[in-house]
Chemist: 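Pasting a structure here, questions to come.
Since this is a predicted model, take the numbers as computed values, not measurements. Heavy-atom basis, side chains included; hydrogens, waters and symmetry copies ignored.
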Amino acid sequence: MKFKYGTPVEYRHNKGWINFVCDDYITICFLDEPDKSKRNGRYQSNLLVYREYWHEVRSCVDERQEEQEGETTSYFLQSRGCDLVGAAC
C-alpha cells in the first residue's frame, strides 16, 4: 500500500487518516477537533506506526474509489488550467 496524506485507514482496530508520511514511519490521526486554545486551532491525537508494522495498516477506501481518485478526467485539471488563465506552466 502506498501511503498518502488524507487517506482513510485502519490500524489495529483504530480508524483514522494518514497525517504524515516519511521513509521510517507514518502517523495516523484518529482524533481531530477544533480547539481555539491550540496554536493551529485544532487538537489532534496521532498514532505513530513504524515501517515494520505498515503491513498491518489497511485502507478504508475500496480499490475502485482509489482508481477513480488517481485518474484525471478534466481537461482543465490535465492542463493545470494554464491555457485558460494564460500562465506559463
Chemist: Checking Arg42 side chain against Arg39 main chain: does a donor-acceptor pair fall under 3.5 Å?
Modeler: no
Chemist: Tyr53 and Tyr11: side chain to side chain contact (heavy atoms under 4.5 Å, CB included), yes or no, with the steps?
Modeler: CA-CA 9 Å; Tyr53 300 103; Tyr11 173 70; 3.7 Å; yes
Chemist: Using every non-hydrogen atom in the two residues, find where Cys29 and Leu31 come nearest and quote the distance to one decimal.
Modeler: SG-O, 3.3 Å
Chemist: How about Tyr5 and Trp17: are their ring centroids closer than 6.0 Å?
Modeler: yes
Chemist: Take Asp24 and Arg51, measure what side chain to side chain contact (heavy atoms under 4.5 Å, CB included) needs, and give me the verdict at the end.
Modeler: CA-CA 5 Å; Asp24 299 320; Arg51 183 184 267 301; 5.6 Å; no
Chemist: So, do Ile28 and Asn46 sit near enough that their side-chain heavy atoms are less than 4.5 Å apart?
Modeler: no
Chemist: Applying side chain to side chain contact (heavy atoms under 4.5 Å, CB included) to Arg12 and Leu47, what does each step give before you reach the verdict?
Modeler: CA-CA 11 Å; Arg12 295 185 179 183; Leu47 288 169; over 6 Å; no
Chemist: OG of Ser59 to NZ of Lys2: how many Å apart, nearest 0.5 Å?
Modeler: 14.0 Å
Chemist: What heavy-atom pair brings Lys4 and Ile18 nearest, and what distance separates the two atoms?
Modeler: O-CB, 3.4 Å
Chemist: Can any side-chain N or O of Thr27 pair as donor or acceptor with the backbone N or O of Phe20 at less than 3.5 Å?
Modeler: yes
Chemist: Kindly give the heavy-atom pair with the smallest separation between Trp54 and Asp23, and that separation in Å.
Modeler: CH2-O, 4.0 Å
